[in-house]
Structure formats: C-alpha cells, structure tokens
Asks: 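The following block contains the structure, expressed as structure tokens.
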Amino acid sequence: MSELKSKIDLKKLPKHIAVIMDGNGRWAKQHGKPRVFGHKNGVRSVREISEGCAELGVEHLTLYAFSTENWGRPSLEVNALMALLVETIGKEMRTLNENNIRLKTIGDISNLPERSYKALLSGIEATKNNSRMDLVLALNYSSRWEIVQAIKTIAKDVKEGIISEQEITGDLVDNHLTTRGIPDPELLIRTSGEKRISNYLLWQIAYAELYFTDVFWPDFSKEHLYQAILDFQQRERRFGKTGEQVRK
Ligand code: IPE
Ligand code: IPE
Ligand code: MG
C-alpha cells in the first residue's frame, strides 16, 4: 500500500469530496499540444480519482466537468469536450459497474448536444443500482444558475400556497438544489494553482475545507488525492465555535 494511503484515518474520511478539475489546457501547452489533448489526458485522472475515492470509502465525488460559462470557449473545444463525454461514458461503463459506482449529474444536461445527453442518460440508467459511491458530474452547471432555479420554484410554491414563507428554511433550500440528497462537500480540491471557486457549489461549500494544488489536472494522481485527504484530516473544523469547544 502506498505510504500516504496508509496514513489516512478511514474513520475521518470526508463523505463528499468536490473537485474543480482545472489545468488541462495549460498541461497540453506544456507538452506542446493543442488544448483538446489536455482534456483527453484528463480522463485518466477522472478514472484514477474515482477509483481512489471508491477504494477508500468516500461516498460521493462531485467533479466539475463543464460550467455554463465554458460555452463561451471556441466551438472547436466545446465540441471536442462534448464528443469526449460521449466517448468516455461508453468506454467507462464497465469499470463503473465493476467498481459498483453510480453515475449522477448536476446541471442542465437537457441542454447538452443530444448525443451527450443520451449517453449520460444511458450511463445513469446502467449504473443506477450501484451503491459503493456516487460519481456526480457537474455538467452545464453553475451555482448561480442552480440557486436561481431553486428561488423560482420556491417562489412559485409560496405563491400557489403549497408552502408558507415561514417554511422556507436552509433545509428547504437544500432540497431545491440539484444536489438534493447529497451531503455538503467537506473537502473541495482545485488543481492548477488557481485559487477561486468559479461558480461551483456556492451554497454547499459554506463550511468545506478548501485545498489548492499547483498540479495540473491530467497529472493529478491517487497520491495527490491522498495528500489532499491527509491535509484535510489535519485541519480543525470549528463551524463557528472555539477551538476549545470542538476539542472537548
Ligand atoms: C479544465 O481545464 C477543464 C474544463 C474547464 C473543461 P481547462 O480547460 O480550464 O484548462 P486551463 O485552465 O485552460 O489550463
Ligand atoms: C472551472 O474551470 C470549470 C471546470 C473545471 C469545468 P475554468 O477553467 O472554466 O475556470 P476559470 O474560468 O479559470 O475561473
Ligand atoms: Mg481552466
């Protein structure tokens, strides 16, 4: 077993890890290749990290794969990413089932190209009875979009008398987000050296521990994942209380 892996306290594992997979383009540039080459190599890290999380016993892994803002990229890149999605789901279905991993998505997938949408639906269907870990792909996702959708639904329910204003609580908001049923991420990892959130899970990461690494996503391996988890396990999570209180 890897030395780092053996140091992880399995009783203090984050139940939910969220990742901003960043740096594919710069990784490709470093290798003198077009950006799409970086995305293709990023798939290997998706496989590694999904497997690594499932092996440890992490219950939910949410990967930011395509933001609503990413539509603004050159169409060549957007098309390549969408094609890669279809290809990857087709190829990885067996591995997901062998590893007992259930595929889910957050984001407006109905607005993806039809082939990508259909591939996702069939992947979700084919893995729906798996129970070891949820692999959640954030696709055509942005947190502000999600929050606006939730506000619209809640406003409508109040207007129609389905709920009263008093019934609007944090839990109710949780239940109107695309992540309903999934506990909030305890650890958020962003690769590539950028230190920002880029419209990802804004509500859900209220108390997440943030971990930034300079490693580009295609180079991010299980060992890097273990390092992030070990870092997480050394932190004191206080949730507004004092250190003395939480150490009691
Ligand atoms: C992340 O890598 C993948 C997606 C956003 C789809 P980038 O493509 O953002 O890579 P950089 O940040 O340009 O290096
Ligand atoms: C965030 O990365 C979105 C994904 C990883 C899918 P970006 O590369 O799009 O973020 P910015 O534009 O650098 O903030
Ligand atoms: Mg980027």
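Quantities reported herein were computed from a predicted structural model and do not represent experimental measurements. Ligands are counted one by one from 1 in listed order, and the atoms in each one are counted from 1 as well.
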Asks: Between Ile106 and Leu137, is there a shared hydrophobic cluster once you connect ILVMFWY residues whose side-chain heavy atoms come closer than 4.5 Å?
Replies: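 Shared cluster, no.
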
Asks: Phe220 vs Trp217 aromatic rings, parallel, tilted or perpendicular, using cut-offs 30° and 60°?
Replies: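 Rings of Phe220 and Trp217: parallel, as their planes differ by under 30°.
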
Asks: Please work out which of the three classes, parallel, tilted or perpendicular, describes the rings of Tyr141 and Tyr200, given edges at 30° and 60°.
Replies: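 Geometry flag for Tyr141 against Tyr200: perpendicular rings.
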
Asks: Give the atoms of ligand 2, by number and element, whose distance to some non-hydrogen atom of Arg196 is under 4.0 Å.
Replies: 11 (P), 13 (O), 14 (O)

Asks: Apply ring pair (Phe, Tyr, Trp, His ring centres under 6.0 Å) to Phe66 and list each qualifying residue two or more places apart in sequence or on a separate chain.
Replies: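 By the ring pair (Phe, Tyr, Trp, His ring centres under 6.0 Å) rule, Phe66 matches Trp71.
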
Asks: Under 3.5 Å, is there a donor-acceptor pair between the side chain of Arg26 and the main chain of Ser192?
Replies: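 Checked: pair present.
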
Asks: Is there any protein N/O under 3.5 Å from an N/O of ligand 1, and what does the full list of such pairs look like?
Replies:
unit_1, atom_1, unit_2, atom_2, d
ligand 1, 2 (O), Gly23, N, 3.3
ligand 1, 2 (O), Asn24, N, 3.2
ligand 1, 8 (O), Arg35, NH2, 2.8
ligand 1, 8 (O), Arg73, NH1, 2.7
ligand 1, 9 (O), Asp22, OD1, 2.9
ligand 1, 9 (O), Arg73, NH2, 2.9
ligand 1, 10 (O), Gly23, N, 3.4
ligand 1, 10 (O), Asn24, N, 3.1
ligand 1, 10 (O), Gly25, N, 2.9
ligand 1, 12 (O), Asp22, OD1, 2.8
ligand 1, 12 (O), Arg26, NH2, 2.8
ligand 1, 13 (O), Arg35, NH1, 3.0
ligand 1, 13 (O), Arg35, NH2, 3.0
ligand 1, 14 (O), Gly25, N, 3.3
ligand 1, 14 (O), Arg26, N, 2.8
ligand 1, 14 (O), Arg26, NE, 2.7

Asks: Can you list everything that forms a ring pair (Phe, Tyr, Trp, His ring centres under 6.0 Å) with His60? Sequence neighbours excluded, please.
Replies: His16

Asks: Would Val58 end up clustered with Leu4 when hydrophobic side chains under 4.5 Å apart are linked, directly or stepwise?
Replies: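 Linked within one cluster.
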
Asks: Determine whether more than 12 heavy atoms belonging to other residues, nucleotides or ligands lie under 6.0 Å from atom CD of Glu236.
Replies: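 Counting other residues, nucleotides and ligands, CD of Glu236 exceeds 12 neighbours.
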
Asks: Is a salt bridge present between Arg94 and Glu98, judged by a nitrogen-to-oxygen distance below 4.0 Å?
Replies: yes

Asks: For Arg190, counting its heavy atoms only, list the atoms of ligand 2 lying under 4.0 Å from any of them.
Replies: 2 (O), 10 (O), 11 (P), 13 (O), 14 (O)

Asks: Measure the NZ-CG distance between Lys40 and Leu81 for me, rounded to the nearest 0.5 Å.
Replies: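 So the gap between those two atoms works out to 10.5 Å.
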
Asks: Protein N, O or S atoms at less than 2.8 Å from the Mg ion (ligand 3), how many?
Replies: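 The number of such protein atoms is 1.
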
